[in-house]
Number of protein chains: 2
Amino acid sequence: MMFSTKAEYGVRVMAHLAACDGSQPVALGAIAEAEGLPLAYLEHLVQRLRRAELVDSRRGAHGGYSLSRPAGAISMAEVVAALEGEIAPVECISADPDGSLVCSRERDGGASGPCPTKLLWTRVQGSIVRTLEEMTLSDLIPETTTKRVSV
Amino acid sequence: MMFSTKAEYGVRVMAHLAACDGSQPVALGAIAEAEGLPLAYLEHLVQRLRRAELVDSRRGAHGGYSLSRPAGAISMAEVVAALEGEIAPVECISADPDGSLVCSRERDGGASGPCPTKLLWTRVQGSIVRTLEEMTLSDLIPETTTKRVSV
DNA sequence: GGTTATCCTACCTTCCCGGTAGGAATGCTT
DNA sequence: AAGCATTCCTACCGGGAAGGTAGGATAACC
């Protein structure tokens with residue numbers, strides 16, 4: 001298992017929101033009950049989604065959460081990144097904008113060339129990120145479930 | 001970080017073996033020292049590789065490990081699977097040859113259709129497995145390091 | 001004002017990762 | 001045969017994170 005339940009649960013919440021009519025916010029309690037997940041735990045996850053500006057929140061009675069954008073405009077890469085953090089298969093590949101972190105293999109001044117395993121992990125990372133970016137929330141909700149209001 | 005150091009270290013060991021002349025086994029202690037990794041820990045990992053029949057072992061003096069097959073015939077998918085176990089991004093996708101495990105969303109008799117998030121995770125899994133299967137150990141070792149004996 | 005909900009912080013518990021330890025088995029070498 | 005090098009096996013352990021709980025503060029609606 002490579003992703004934690006943060007991603008698993010969080011994606012479900014997003015899918016649930018996408019499946020609902022977005023005209024009014026959905027209370028997290030309703031989602032928790034429908035999905036059979038602990039409310040208190042979902043609260044943590046949805047906060048991440050909110051800070052990433054993927055959902056809007058309304059407090060108070062009849063409050064809840066709603067997608068900040070149409071489902072088709074929210075890539076799964078954004079969702080997973082918000083929940084799980086940076087997408088990197090191994091520490092070797094962990095983001096270093098400044099390139100400070102090199103595989104321990106590269107410490108020796110690069111005489112032996114770059115870490116031979118780096119190629120593998122960058123490719124794996126690339127393929128994961130690419131497939132996540134190719135999908136949006138709207139790809140998760142079957143047509144029948146989508147609001148057919150405007151039909 | 002999605003893969004543990006088991007995969008990271010184990011792949012390094014395999015890459016090291018692939019880079020060495022395979023005519024005689026390499027002691028794990030030498031690899032541990034060269035890669036700067038704890039020997040006692042590598043022993044665990046290399047046992048997994050051995051049980052998966054990816055490496056051959058020879059005990060006693062001048063013993064060690066060697067690839068069981070030419071590097072080009074060992075896919076990285078095999079290596080990672082041996083080290084990390086089944087490749088599944090989330091529990092939802094965890095292998096059930098018999099299909100017994102369904103997402104909790106699918107418990108309700110499937111009235112609401114299959115778990116909407118399943119599509120996402122199966123695609124992610126597919127892309128990971130595919131890229132791992134496309135690469136072999138020989139892709140990790142630069143030409144210069146490869147034995148140019150038979151040239 | 002009371003109710004409904006989000007928001008925030010702190011805590012707790014269980015699991016597994018990364019690593020250690022110690023020895024038994026095996027095979028060279030002398 | 002003795003000794004050494006190395007794999008093999010089992011057990012153990014400490015720390016950290018994941019998964020989850022608790023309690024209250026804040027905000028909006030009625």
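Letters A, B, ... mirror the listed sequences (proteins, then strands); counts begin at 1.
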When you measure from the side-chain N and O atoms of A:S4 to the phosphate of D:dA17, is any distance below 4.0 Å, counting only OP1 and OP2? no
Please determine whether side chain to side chain donor-acceptor pair (under 3.5 Å) holds for the pair B:S4 and B:E84, giving the CA-CA distance in whole Å, both sets of side-chain angles, and the decisive distance to 0.1 Å. CA-CA 7 Å; B:S4 67; B:E84 200 79 11; 3.0 Å; yes
Can you check whether B:S57 has a side-chain N or O nearer than 4.0 Å to OP1 or OP2 of D:dT7? no
Nearest-Å distance for atom pair CG/C1', residues B:L39 and C:dG23: 15 Å
Grab the two heavy atoms, one from A:P89 and one from A:W121, that are nearest each other, plus how far apart they are. CG-O, 3.4 Å
Look at B:H62 and C:dT29 and indicate whether a side-chain polar atom (N or O) is within less than 4.0 Å of OP1 or OP2. yes
Rounded distance in Å - CG (B:L83) to C1' (C:dC17): 14 Å
Heavy atoms only, 4.0 Å cut-off, all strands: where does A:A40 land among base, sugar-phosphate and nothing? base
CG on A:L28 to CD on A:Q47, rounded to 0.5 Å: 9.0 Å
Assign B:G29 to base, sugar-phosphate, or nothing according to its heavy-atom contacts below 4.0 angstrom with the strands shown. nothing
For B:Q24 and D:dA5, give me the distance from atom CD to atom C1', rounded to whole Å. 15 Å
For A:L54 and A:V79, which heavy atoms make the closest approach, and how far apart are they? CD1-CA, 3.7 Å
Using 0.5 Å steps for rounding, measure from the CE atom of B:M14 to the CD1 atom of B:I74. 4.0 Å
Measuring from atom NZ of B:K118 to atom CG of B:L120, what distance do you get when rounded to the nearest 0.5 angstrom? 13.0 Å
At 4.0 Å (heavy atoms only), tell me whether B:F3 reaches a base, stays on the sugar-phosphate, or touches nothing. nothing
In short, the helix from C:dG1-D:dC30 to C:dT30-D:dA1 is bent end to end, axes from five pairs each side, to 10°, by 10°
What is the separation between atom CG on A:D56 and atom C1' on D:dA28, rounded to the nearest whole Å? 16 Å
Please report the shortest heavy-atom distance between A:A82 and A:A52, naming the atom on each side. CB-CB, 3.6 Å
Length of the CZ-P vector between B:R12 and C:dG18, whole Å: 13 Å
Please check if the number of heavy atoms outside B:R50 that lie under 6.0 Å from its CZ is greater than 12. yes
Distance, rounded to the nearest Å, where A:R59 contributes CZ and C:dC7 contributes P: 6 Å
Take the protein atom CG of A:L28 and the nucleotide atom C1' of C:dC7, then report the distance between them rounded to whole Å. 12 Å
From A:H16 NE2 over to A:Y65 OH, what is the distance, rounded to the nearest 0.5 angstrom? 14.0 Å
Under a 4.0 Å heavy-atom cutoff, the residues of residues 41-53 of chain A touching DNA chain D are A:Y41, A:H44
How many whole angstroms separate atom CG of B:L37 from atom P of C:dC17? 17 Å
Across all chains, not counting sequence neighbours, the salt bridge (Lys or Arg N to Asp or Glu O under 4.0 Å) partners of B:R69 are B:E78
Could you work out which one of D:dG19, D:dT21, C:dT6 sits closest to the side chain of A:P38? D:dT21
Taking OP1 and OP2 of C:dG19, is either one under 4.0 Å from a side-chain nitrogen or oxygen of B:Y9? yes
